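Okay, so here's the structure we're looking at.
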Amino acid sequence: MPRLIFLGPPGAGKGTQAERLADQFQIAKISTGDLLRAEVKAETQLGLEAKSYMDAGDLVPDNVLVGIVRSKLESIDPGWILDGFPRTLPQAEALETLLTDLCQDYECVINLDVPDDVIVERLKERGRTDDREDLIRHRLEVYRQQTQPLIEYYEQRQRLSRVNGDRDISVVHEELKSLVSIAGSNGHVSV
Ligand code: AMP
C-alpha cells in the first residue's frame with residue numbers, strides 16, 4: 001500500500017496530483033487544507049479557531065494539525081497520500097511519532113518544484129478567497145520560512161524525490177506514477 005507525502009509551495013499542483021494518484025492506487029488522499037476548509041464551513045470550534053490564520057495566509061497551529069491528521073490516519077486503511085502536511089519541522093517530527101505508534105512508514109516524499117511567478121499566475125486564476133496576490137506572496141514567504149526546511153529534513157532521511165511541477169498535468173502524473181511504483185518495489189514500506 002503506497003504511503004506518500006507531498007511537499008511543495010502553494011499552487012505547485014499537490015492537490016491535483018495527489019487526487020490522481022489516490023484514484024490510481026485506490027488509496028486515501030488526506031488534504032489538511034480541505035479538512036480545515038470543511039471545519040470552517042461547518043463553523044465548528046476548530047474551524048472558528050483556524051479561520052483567522054487561514055484568512056491571513058498564516059499556518060494554523062501545529063497542535064491543531066497534528067490532532068486532525070492523527071484522527072484521520074487512525075480511522076482509514078493503511079494506504080494514503082498526505083497533501084499539505086507536514087508543513088513545519090514540529091509537524092514532521094510529530095508525524096514520525098504518530099507513524100511509529102501506528103506501525104506504519106512512508107515510502108517517499110515528493111517535492112513538486114514550480115517557479116514563483118508561475119505559482120502566482122496559477123493561484124490568481126484559481127480564485128479561492130486566500131488567492132489574492134498579496135496573500136499569495138505572503139503564503140509563499142511562509143512556505144519558504146517554515147516548510148522549505150522540510151526538503152533538507154527528508155533529503156537527510158533519503159526519502160525525497162524532486163519532480164518538476166511546471167509541466168502538463170498528465171506528464172507530471174506519469175512521472176509520479178512510476179516514481180511511486182519504483183519506491184514501492186524498493187521495499188521502503190514496512191507494514
Ligand atoms: P492549502 O489548501 O494546503 O493551501 O491550505 C490552506 C490553508 O490551510 C493554509 O494557508 C494554512 O492556513 C492552513 N493549513 C493547511 N495545512 C496546514 C498545515 N499542515 N499546517 C498549518 N496550516 C495548514
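Just so you know, these numbers come straight off a predicted model, no measurement behind them. The basis for the numbers below is simple: all heavy atoms, side chains too, and nothing from hydrogens, waters or symmetry mates. For ligands, and for the atoms within them, numbers begin at 1 and follow the listed sequence.
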- Nearest non-hydrogen protein atom to atom 7 (C) of ligand 1, with distance, is M54 CE, 4.0 Å
- Output the list of atoms in ligand 1 that are nearer than 4.0 Å to some heavy atom of R128, sorted by atom number. 1 (P), 2 (O), 4 (O), 6 (C)
- Query: Nearest to atom 12 (O) of ligand 1, what protein heavy atom do you find, and at what distance?
  - Reply: D58 O, 2.6 Å
- Protein contact to atom 23 (C) of ligand 1 [nearest heavy atom, distance to 0.1 Å]: L36 CD1, 3.9 Å
- Query: Hey, mind stepping through E107 and V180 against side chain to side chain contact (heavy atoms under 4.5 Å, CB included) and telling me if it holds?
  - Reply: CA-CA 8 Å; E107 58 197 337; V180 174; 4.2 Å; yes
- Query: Between T88 and Q146, is any side-chain donor less than 3.5 angstrom from a side-chain acceptor?
  - Reply: no
- Give the residue, atom name and distance (to 0.1 Å) of the protein heavy atom nearest atom 20 (N) of ligand 1. Q91 NE2, 2.9 Å
- Where L135 and T129 come nearest, the two heavy atoms and their spacing: CD1-O, 4.2 Å
- Item | Y53, any N or O under 3.5 Å of ligand 1 N or O | no
- Ranked by distance from atom 19 (N) of ligand 1, the top protein heavy atom is G84 O, 2.8 Å
- Decide, yes or no, whether a salt bridge links D134 with R137 under the criterion of side-chain N to carboxylate O below 4.0 Å. no
- Item | Check: R144/Q148 side-chain N/O donor and acceptor closer than 3.5 Å | yes
- Got the closest protein heavy atom to atom 1 (P) of ligand 1, with its distance? R87 NH2, 3.5 Å
- Message: Please check whether D130 reaches ligand 1 - meaning an N/O of the residue sits under 3.5 Å from an N/O of the ligand, judged on distance alone.
- Response: no
- Message: Give me the nearest non-hydrogen protein atom to atom 16 (N) of ligand 1 as residue plus atom name, then the distance to 0.1 Å.
- Response: T32 OG1, 2.8 Å
- Message: If I apply the N/O under 3.5 Å rule, does V60 come out as touching ligand 1?
- Response: yes
- Any salt bridge between E174 and K177, counting N to O under 4.0 Å? yes
- Note on the structure: Logged contact type for L65 with ligand 1, heavy-atom cut-off 4.0 Å, is side chain
- Message: Quiz question: by atom type and distance under 3.5 Å, do the side chains of Q145 and E141 form a donor-acceptor pair?
- Response: yes
- Decide whether a cation-pi geometry holds between R139 and Y143; the criteria are a distance under 6.0 Å from NZ or CZ to the six-membered ring centre and an angle within 45° of the ring axis. no
